[in-house]
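To find a chain, count down the sequence lines: A is the first, B the second, and so on, and within it residues start at 1. Model, not experiment: these values are computed from the prediction.
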Number of protein chains: 2
Amino acid sequence: MATGRNHRPANRSRGIPEATVARLPLYLRALTALSERSVPTVSSEELAGAAGVNSAKLRKDFSYLGSYGTRGVGYDVEYLVYQISRELGLTQDWPVVIVGIGNLGAALANYGGFASRGFRVAALIDADSSMTGKQVAGMAVQHVDELEAIIDTNGVSIGVITTPGGAAQQVCDRLVAAGVTSILNFAPTVLTVPDGVDVRKVDLSIELQILAFHEQRKAAEELAAEPAAGLAAPGLPAPEPGAARRGQDPDGDLPVVMPA
Amino acid sequence: MATGRNHRPANRSRGIPEATVARLPLYLRALTALSERSVPTVSSEELAGAAGVNSAKLRKDFSYLGSYGTRGVGYDVEYLVYQISRELGLTQDWPVVIVGIGNLGAALANYGGFASRGFRVAALIDADSSMTGKQVAGMAVQHVDELEAIIDTNGVSIGVITTPGGAAQQVCDRLVAAGVTSILNFAPTVLTVPDGVDVRKVDLSIELQILAFHEQRKAAEELAAEPAAGLAAPGLPAPEPGAARRGQDPDGDLPVVMPA
DNA sequence: CACTGTGAAATAGTTCACAGCC
DNA sequence: GGCTGTGAACTATTTCACAGTG
């Protein structure tokens, strides 16, 4: 890293790669499972297996955090759990609000994985007055009129949006104006936010579409490979360019309805 | 691309970058919205804005599909909708099964975004006998004993797992054995699958953890910047290395409970 | 003449492979 | 002897910038 010597403070400076950050929760989960089984140490190989990555990547990732392992031995499970938790900011309490208590909002409110990692659902908020006061996951749903007050009182900096697409930007604006600086968006909408506000998007139908792409590809490859090779031919079957093209639909009227 | 001339079949050969595939659904959604408003053509700049990417990236992405634009004009909305849909395999019908009809499974069953893009929920499956026959999203929940028969009868190749983590691998194995080759996994578990099976993972708590990381970072930067600059100082405040380190928690007992 | 399509440059991320340490 | 930590090589992705074209 530093061009010259490998004097100490090479890493740990600043700027953990985004790809690494995205994997830290994975490692944390695997480590937590080991911790519960009272496993004292783990090698990069073992941990990588449990987290579903390869060991070189894992070691590289950890090298951005510091030198937390012991050569010849591996990593101390408890110590790593602590270090990663701290790096991710999970040693503090994060109050979150969920806006939009439909099916998905309710599912999230009930989701154990939130509460178990320092995230506390501070409020459930919905615009529908008939929802107000209803109990969901043991909490009373509050009306969206209260949004600003709730954010303020609870010091909320993370908001989860599970409204229909049409309401998402509006809700987002209010959250941001009230002081929220991180948003997890489940609505099928591109949110516009000022600089300094983070948005992460989870889109269920996008994930399926990506799967469909690969699924189609697989089907096409099978067709291309079958005439030439047997059933279990390994390696790339080098499909003809254009083999994936399907029978040219009569005319393109496809399902193009926007989800709510 | 081809080293020599730019004779035709440079792109369109095979291998659309994964990153591009992941964005196609985004473009498709933006285009669908334009289509509904009967907008005939769109420039890369406009479409990129609507999809939340920059225009160079969008043009590069489209160049992998082919030359579907018109210089000086832009892209024909309907034509692009069709081409992207075809590329993603959405011109055909994809029956999917959802296994694990808890809160999240029910939310997905009700989610409009699935049905609207060629995905058809063929069955809802749960291991709990007391769920069997219950109506969810207008369908009767079926018992997991029927899993293989359902997959087979409906020609299902995509499965969605919304079970608790402990059941996920087992369900996954059965899905794969029954012929499913693409899995969308919502359970907090790393699934092991044979070659040729695709798994995509959606993990709600991971997304929050990533947000928390950045949130913490922001808080630290603010602290570092405040003594020096005013409230609204733009640009990078060039925080001191190490500034992000927090007050060293007393000792690491953190919330380390695994979600179900 | 506005806007696409794309090489080439820049940046980010992954994997290799091995020196160094316990 | 086993296993980490990390430069260096490689691969993927993004961005630039501009030639080409309807």
Side-chain angles (χ1 to χ4, degrees), chain A residues 1-24 26-27 31 39-77 79-80 83-84 210, chain B residues 1-24 26-27 31 39-49 51-77 79-80 83 210:
Chain A
M1 268 147 184
T3 320
R5 315 300 309 284
N6 52 341
H7 48 16
R8 277 278 5 293
N11 53 23
R12 182 93 274 250
S13 44
R14 206 79 329 238
I16 297 172
E18 204 39 50
T20 295
V21 172
R23 281 187 296 265
L24 291 182
L26 235 57
Y27 301 144
L31 284 163
V39 176
T41 59
V42 66
S43 70
S44 62
E45 199 73 55
E46 291 168 320
L47 183 54
V53 303
N54 76 347
S55 63
K57 196 185 285 183
L58 177 141
R59 288 200 304 278
K60 186 61 126 181
D61 283 342
F62 285 178
S63 80
Y64 294 118
L65 308 184
S67 291
Y68 293 153
T70 307
R71 291 164 200 246
V73 179
Y75 300 92
D76 182 273
V77 171
Y79 186 58
L80 247 195
Q83 290 299 344
I84 295 179
I210 296 171
Chain B
M1 270 147 185
T3 320
R5 315 300 309 284
N6 52 341
H7 47 16
R8 276 287 353 300
N11 53 21
R12 184 93 273 255
S13 42
R14 205 80 328 237
I16 297 171
E18 205 38 51
T20 295
V21 172
R23 280 188 296 267
L24 292 181
L26 235 58
Y27 302 143
L31 284 164
V39 177
T41 59
V42 66
S43 70
S44 62
E45 198 74 54
E46 292 168 319
L47 183 54
V53 303
N54 75 348
S55 62
K57 197 185 284 182
L58 177 141
R59 288 201 302 280
K60 189 59 132 181
D61 283 342
F62 286 178
S63 81
Y64 294 118
L65 308 183
S67 291
Y68 293 152
T70 309
R71 289 162 200 249
V73 179
Y75 301 92
D76 182 273
V77 171
Y79 186 58
L80 247 196
Q83 290 299 344
I210 296 171

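Nearest heavy-atom pair, B:Gly69 versus B:Tyr75, reported as atom, atom and distance to 0.1 Å: CA-CD2, 3.4 Å.
Atoms CG (B:Leu65) and P (C:dT4) sit 15 Å apart, rounded to a whole Å. Between the CG atom of A:Leu47 and the C1' atom of D:dC3 there is a distance of 14 Å, rounded to whole Å. Counting to the nearest Å, the P atom of C:dC3 and the CG atom of B:Leu58 are 14 Å from each other. As rounded to whole Å, 17 Å separates atom C1' of D:dA12 from atom CD of A:Glu18. The separation between B:Glu46 atom CD and C:dC3 atom P is 8 Å, rounded to whole Å. If you measure from atom CG of B:Leu80 to atom C1' of C:dC3, you get 14 Å, rounded to the nearest angstrom. Per the geometry, CD1 belonging to B:Ile16 stands 14 Å off P belonging to D:dT14, to the nearest Å. If you measure from atom CZ of B:Arg59 to atom P of C:dA2, you get 15 Å, rounded to the nearest angstrom.
For B:Ala19, taking side-chain heavy atoms from C-beta onward, the closest of the listed nucleotides D:dT4, D:dT13, C:dT14 is D:dT13.
OP1 or OP2 of D:dT15 has at least one side-chain nitrogen or oxygen of B:Asn54 nearer than 4.0 Å. One finds a side-chain N or O of B:Arg23 lying less than 4.0 angstrom from the OP1 or OP2 phosphate oxygen of D:dT14. Close to D:dT13, at under 4.0 Å from its OP1 or OP2, lies no side-chain N or O of B:Tyr64. Side-chain nitrogen and oxygen atoms of A:Lys60 include none within less than 4.0 Å of the OP1 or OP2 phosphate oxygen of D:dT6.
With sequence neighbours excluded, the residues satisfying side-chain contact (heavy atoms from CB on, under 4.5 Å) with B:Thr70 are B:Val73. For A:Pro17, the side-chain contact (heavy atoms from CB on, under 4.5 Å) test picks out A:Thr20, A:Tyr64, with sequence neighbours left out. Partners of B:Thr41 according to the side-chain hydrogen bond (donor to acceptor under 3.5 Å, both in side chains) rule, which considers only residues two or more places apart in sequence or in another chain, do not exist here. With sequence neighbours excluded, the residues that form a side-chain hydrogen bond (donor to acceptor under 3.5 Å, both in side chains) with B:Glu46 are B:Ser43.
Within the structure, every pair that satisfies the salt bridge (Lys or Arg N to Asp or Glu O under 4.0 Å) test and touches residues 61-77 of chain B, not counting sequence neighbours, is listed here: B:Arg23-B:Asp61.
The nearest heavy atom of DNA chain C to B:Val42 and to A:Lys57 marks one nucleotide each, and the one closer to the 5' end goes with B:Val42.
Between B:Tyr68 and B:Phe62, the gap from one ring centroid to the other reaches at least 6.0 Å.
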Just the atom pairs and distances: protein N or O near nucleotides 20-22 of chain C's N or O, under 3.5 Å.
residue, atom, partner, partner atom, Å
C:dG20, N3, A:Arg71, NH1, 3.3
C:dC22, O4', A:Arg71, O, 3.2

